[in-house]
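Comments concern the structure below.
Hydrogens, waters and symmetry mates play no part in the numbers below; they use all other heavy atoms, side chains included. We name chains A, B, ... by the order of the sequence lines, and we start the count at 1 in each one.
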2 protein chains.
Amino acid sequence: MIQCEDHEECILTAIEMADRICSQKQLKFTDLRKEILRMIWEGHGPQKAYDLLNKLQQTNPSAKPATVYRALDFLIGNGFIHKVASLNAFVGCSHPLKHQECYFLICDDCKNISECCDANITAAIQTTTIENQFVAKNTTLEIFGHCNECLNRSE
Amino acid sequence: MIQCEDHEECILTAIEMADRICSQKQLKFTDLRKEILRMIWEGHGPQKAYDLLNKLQQTNPSAKPATVYRALDFLIGNGFIHKVASLNAFVGCSHPLKHQECYFLICDDCKNISECCDANITAAIQTTTIENQFVAKNTTLEIFGHCNECLNRSE
DNA sequence: TCTGGGATGTTATATTGTAACGTTGTTGGC
DNA sequence: GCCAACAACGTTACAATATAACATCCCAGA
Ligand SMILES: [Zn+2]
Ligand SMILES: [Zn+2]
Ligand SMILES: [Zn+2]
Ligand SMILES: [Zn+2]
């Protein structure tokens with residue numbers, strides 16, 4: 001999900017954005033890919049591949065793991081979703097054109113996940129990679145802890 | 001591995017350090033746990049659980065997945081190794097007392113992995129988490145790309 | 001010596017992800 | 001329109017990663 005007021009609206013926006021980008025880039029935004037993207041956005045947090053498969057099988061009983069994983073590959077490859085490596089789960093990207101690197105805050109309690117793609121972090125990482133004479137291609141930053149809502153609730 | 005001149009020396013140092021810390025903390029550094037830690041350090045990069053199991057079975061044919069995973073849990077829990085989430089692999093920690101959070105540079109070519117636990121990155125992350133009113137407990141930062149050696153070699 | 005709890009053994013199973021190959025469907029050149 | 005090429009998808013099988021549950025062992029401390 002990632003911070004929204006009207007989640008239906010939020011889902012639609014994400015799908016329309018993906019639709020537009022696919023048109024521009026001549027990518028095939030098939031029903032299957034759209035359906036998987038919708039299901040990822042519908043969940044309020046990281047979605048697991050086999051949960052997506054189970055949901056998909058309700059409307060498409062012949063769906064198989066490869067069905068889901070191929071759609072996920074497409075969506076990841078084109079920046080519409082991210083894989084959360086620490087969770088083996090997938091989450092929608094709220095700004096698929098802006099960047100490759102997304103950083104995440106993930107609440108251990110409510111599982112809410114939000115992107116926190118701060119330029120200062122990017123700069124600090126870049127400084128360190130340069131110091132280490134390393135050419136970075138891809139960065140995974142996943143910060144686990146407790147979100148404000150859960151902290152307040154537990155007081 | 002992580003930067004060393006004499007890797008035998010490097011392995012021994014890591015094991016002795018773990019031994020000392022376990023004594024101090026009254027932890028049981030059993031033969032099995034020591035063996036798994038040694039095997040992780042012997043590899044020059046992230047080690048996979050089932051590769052460790054295969055090696056272990058050469059001397060301990062009755063070893064099972066749980067055998068390895070329990071030792072890994074102990075080693076992770078006490079900071080002697082880290083899990084590299086993006087790779088489903090495990091790597092020795094070069095400074096188990098210093099911190100919980102280790103950042104990694106991982107070469108896509110040679111698979112060499114080095115810790116890059118820079119304070120500036122930590123500070124940048126902290127600033128962002130505070131801005132987001134988030135209390136961080138655990139951070140995964142894995143930077144993939146190409147190391148200096150591999151860049152030079154390919155020129 | 002007894003005993004409680006941690007470590008390990010053992011079996012089974014859950015979860016996550018890919019390989020390989022066949023079929024379908026679209027698209028663009030002829 | 002026809003056909004070749006290629007991408008998407010269907011299908012089967014399997015590989016790779018990880019955990020649950022319960023039994024047994026073993027040692028430190030009462
Ligand atoms: Zn994103
Ligand atoms: Zn929360
Ligand atoms: Zn470390
Ligand atoms: Zn390299």
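- B:I130 belongs to no hydrophobic cluster with other residues, because no ILVMFWY side-chain heavy atom falls under 4.5 Å from its own, directly or through intermediates.
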Letter per nucleotide, 5' to 3', of nucleotides 8-15 of chain C [B base touched, S only sugar-phosphate touched, - untouched; heavy atoms, 4.0 Å]: BBBB----
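- Applying the side-chain hydrogen bond (donor to acceptor under 3.5 Å, both in side chains) test to residues at least two apart or on different chains, the pairs with a partner in residues 60-81 of chain A are A:N60-A:S62.
- With sequence neighbours left out, A:E8 forms a side chain to side chain contact (heavy atoms under 4.5 Å, CB included) with A:D6, A:I11.
- Residues satisfying the side-chain hydrogen bond (donor to acceptor under 3.5 Å, both in side chains) test with A:D51, not counting sequence neighbours, are none.
- Between the two ends of the helix from C:dT1-D:dA30 to C:dC30-D:dG1, each summarised by a five-pair axis, the helix axis turns through 20° (rounded to 10 degrees).
- With sequence neighbours excluded, the residues that form a side chain to side chain contact (heavy atoms under 4.5 Å, CB included) with A:A14 are A:W41.
- Atom CZ in B:F74 sits roughly 13 Å away from atom P in C:dG6 (whole-Å rounding).
- In terms of the side-chain hydrogen bond (donor to acceptor under 3.5 Å, both in side chains) criterion, residue partners of B:N120 (sequence neighbours excluded) are, by chain and number, B:D118.
- Remark: P of C:dT16 and CG of A:N88 are 6 Å apart, rounded to the nearest angstrom.
- Contacts classified as salt bridge (charged side-chain N to carboxylate O under 4.0 Å, His left out) and involving residues 17-26 of chain A (residues at least two apart or in different chains) are given here: A:D19-A:K34.
- Heavy-atom contacts of chain B under 4.0 Å fall on DNA chain D between two terminal nucleotides, which in 5' to 3' order are D:dT17 to D:dA21.
- With rounding to whole Å, A:I36 atom CD1 is found 14 Å from C:dG17 atom P.
- Listed by chain and residue number, nothing satisfies the side-chain hydrogen bond (donor to acceptor under 3.5 Å, both in side chains) test with B:K48 (two or more places apart in sequence, or in another chain).
- Closest non-hydrogen pair, B:C93 versus B:E115, comes out as CA-OE2, 3.4 Å.
- Applying the side-chain hydrogen bond (donor to acceptor under 3.5 Å, both in side chains) test to A:T122 and every residue at least two apart in sequence or in another chain returns A:Y103.
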